[in-house]
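Have a look at the structure below before the remarks.
Just so it is clear: chains get the letters A, B, ... in the order the sequence lines come, proteins before strands, and each one is counted from 1. Every heavy atom of this structure was used, including side-chain atoms; hydrogens, water molecules and symmetry mates were not.
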Amino acid sequence: MKYIDEFNDPELAKRLLDDIHASVKQPWAIMEVCGGQTHSIIRHGIDQLIPDQVEMIHGPGCPVCVTPLELIDKALEIASRPEVIFCSFGDMLRVPGSGRDLFRVKSEGGDVRVVYSPLDALKLARENPDREVVFFGIGFETTAPPNAMAVFQAKRLDVPNFTMLVSHVRVPPAIDAIMQSPTCRVQAFLAAGHVCSVMGTEEYPPLVERYSVPIVVTGFEPLDILEGIRRTVHQLERGESYLDNAYPRAVPAEGNVAARKLLSEVFTITDRGWRGIGVIPDSGWRLSETYRDFDAEYRFQVSDIHTEESAVCRSGEVLQGLIKPHECAAFGKQCTPRNPLGATMVSSEGACAAYYLYRRLTTPSTSQPEVASIG
Amino acid sequence: MCLAVPGKVLDIWERDQTRMAKVDFGGVEKDVCLEFVPDIEVGEYTIVHVGFALQRLDEKSAMETLALFKELGELDKEFGDAWAQAARDNGREVPE
């Protein structure tokens with residue numbers, strides 16, 4: 001194993017790790033909310049390089065994973081209609097609905113297209129006025145403003161054949177729900193950097209105060225994550241809790257003001273179901289009344305959805321940080337990226353996919369001796 | 001999915017009353033909407049998510065991040081053919 005050599009500045013990585021090792025005196029459990037961070041942590045073995053007493057709990061910040069099954073099934077139903085061009089980000093193609101996915105819908109004749117930007121879907125709608133173009137608008141606060149812009153422009157440019165199936169989610173209410181859970185073990189959070197690039201940091205101090213929990217805004221690269229963990233354990237060991245920004249190069253305190261303004265114009269905060277977790281109050285966005293005509297759920301009345309989750313998949317517990325992926329009996333056996341039972345095994349941000357890709361069935365504890373010499 | 005990739009603004013224009021730019025991501029060029037960072041100029045760096053500039057970034061950070069993303073294959077994931085990748089992951093053929 002050559003983990004530490006893979007950091008783009010191994011010297012700095014070593015200094016950060018030495019500081020973390022020197023600081024930690026007692027066991028701590030830190031949740032990284034964002035699935036991109038989960039992948040970075042597992043890929044670079046960060047959870048194995050930090051002291052044994054510090055456990056990284058992987059959070060629910062994988063938008064593909066938490067999109068509710070009912071909405072996936074609605075998407076699959078709408079995408080199957082002959083008049084529809086269904087546009088999605090590539091991440092959604094293989095997310096399992098009740099028995100099929102978008103990949104299957106396309107092979108059965110549905111017109112499913114992958115777009116890079118939501119504006120590409122709007123362009124398709126303008127080029128195909130005789131077709132209904134539906135965009136699957138999923139994602140956290142980072143993706144919501146681009147999607148809001150597509151709807152805003154559809155209205156301004158009068159593109160009536162464009163609609164969006166919206167399943168946007170917000171991080172702070174999820175942190176709130178995690179802290180309120182009776183099974184919660186989380187003592188500090190790494191907040192997702194790019195979410196804060198958009199939203200800024202003002203939503204977090206109330207959570208810090210309510211639960212006396214340190215929150216450190218953290219980037220995605222291995223060194224950023226080490227720095228986030230370092231600042232977090234310093235707070236924990238000193239018994240302090242405050243909001244800290246370890247990613248200032250991309251996160252100003254006010255976020256992106258223009259993006260936030262458009263968000264509040266186009267979207268309204270709503271309760272949202274999270275796949276595997278349940279409904280979290282105020283944790284999502286839907287289109288506001290002004291933009292209702294562009295809401296695919298309103299345009300396409302889809303009823304008769306009978307959702308069916310895998311009986312053995314424990315992705316809900318993985319998403320809540322209650323178990324690690326390899327603790328699920330199906331992991332790596334019935335459930336692999338090739339044949340995923342749950343969305344967490346599909347997505348490039350899902351914790352199960354990260355464990356499968358980078359760690360296979362090896363548990364963190366069994367590979368510990370190989371990296372112990374580094375710290 | 002929340003990953004934002006740094007790129008350099010090469011050219012700026014207006015389309016449908018919307019400020020757009022050509023942005024270079026270490027060799028891959030894409031059209032990017034600048035409405036959320038309207039005062040950015042040609043030659044500056046920005047982090048881009050799903051075709052939208054979200055924040056300015058200094059050149060040094062941008063270059064370091066790009067080099068890392070390239071090495072990790074993140075750029076292929078972001079800009080590659082999603083159907084081919086899904087088919088590969090899944091052992092299926094890309095549907096016609």
### Query
Relative to chain B, which segment of A:Asp101 carries a heavy atom at a distance below 4.5 Å: side chain, backbone, both, or neither?
side chain

### Message
Nearest 0.5 angstrom please: A:Arg260 CZ to B:Phe36 CZ, how far?
### Response
13.0 Å

## Note on the structure
Rounding to 0.5 Å, atoms CG (B:Leu3) and OG (A:Ser40) come to a distance of 9.0 Å

### Query
So which of B:Cys33, B:Gly51, B:Ala87 has the biggest tally of heavy-atom pairs under 4.5 Å with chain A?
B:Gly51

### Message
Test your reading of the model: is there a side-chain donor-acceptor pair from A:Glu221 to the backbone of B:Glu64, 3.5 Å cut-off?
### Response
no

### Task
Nearest 0.5 Å please: distance from the OG atom of A:Ser197 over to the NE2 atom of B:His49.
10.5 Å

### Residues, nucleotides or ligands: over 12 heavy atoms within 6.0 Å of B:Lys22 NZ
yes

### Query
So what's closer than 4.5 Å to chain B heavy atoms on A:Val112: side chain, backbone, both or neither?
both

### Residue selection (most heavy-atom pairs with chain B, distance under 4.5 Å) from A:Pro337, A:Pro118, A:Gly90, A:Gly219
A:Pro118

### Query
Side chain, backbone, both or neither: which part of B:Ala67 has an atom under 4.5 Å from a heavy atom of chain A?
neither

### Task
Heavy-atom pairs under 4.5 Å with chain B are the metric here; pick the option from A:Ser107, A:Ala259, A:Gly193, A:Pro146 that has the most.
A:Pro146

### Message
Can you tell me how far apart CH2 (B:Trp83) and CZ (A:Arg94) are? Round to the nearest 0.5 Å.
### Response
11.5 Å

### Query
What's the spacing between B:Asp31 CG and A:Tyr116 OH if we round to 0.5 Å?
9.5 Å

### Query
Counting only N and O atoms by type, is there a donor-acceptor contact under 3.5 Å from the side chain of B:Gln55 to the main-chain atoms of A:Ala250?
no

### Message
To the nearest 0.5 Å, what is the distance between CD1 on B:Ile47 and CG on A:Asn256?
### Response
9.5 Å

### Backbone of B:Ala62 reached by a side-chain donor or acceptor of A:Arg249 within 3.5 Å
no

### Query
Does atom CD of B:Glu14 have more than 12 heavy-atom neighbours, drawn from other residues, nucleotides or ligands, at distances under 6.0 Å?
yes

### Query
Does any heavy atom of chain B fall under 4.5 Å from the side chain of A:Arg156, the backbone, both, or neither of them?
side chain

### Task
Please name the pair of heavy atoms, one in A:Phe103 and one in B:Ala86, separated by the smallest distance, quoted to 0.1 Å.
CE1-CB, 3.7 Å

### Task
Specify which of A:Pro340, A:Gly109, A:Cys62, A:Pro252 makes the most heavy-atom pairs with chain B at under 4.5 Å.
A:Pro252

### Query
Is it the side chain or the backbone of A:Gln153 that comes within 4.5 Å of chain B heavy atoms, both, or neither?
side chain

### Task
Before accepting this row, confirm whether a basic side-chain N of the pair A:Asp91/B:Lys77 lies closer than 4.0 Å to the acidic partner's carboxylate O.
no

### Query
With a 4.5 angstrom heavy-atom cut-off, which part of A:Val198 approaches chain B: side chain, backbone, both or neither?
side chain

### Query
Can you check salt bridge (charged side-chain N to carboxylate O under 4.0 Å, His left out) on A:Arg126 and B:Asp16, steps first, answer last?
CA-CA 12 Å; A:Arg126 296 174 83 189; B:Asp16 299 326; 2.6 Å; yes

### More than 12 heavy atoms from other groups under 6.0 Å of CD on A:Glu127
yes

### Query
For B:Gln85, is it the side chain, the backbone, both or neither that has a heavy atom under 4.5 Å from a heavy atom of chain A?
neither

### Task
State, yes or no, whether a side-chain contact exists between A:Pro145 and B:Phe52 at a heavy-atom distance under 4.5 Å.
no

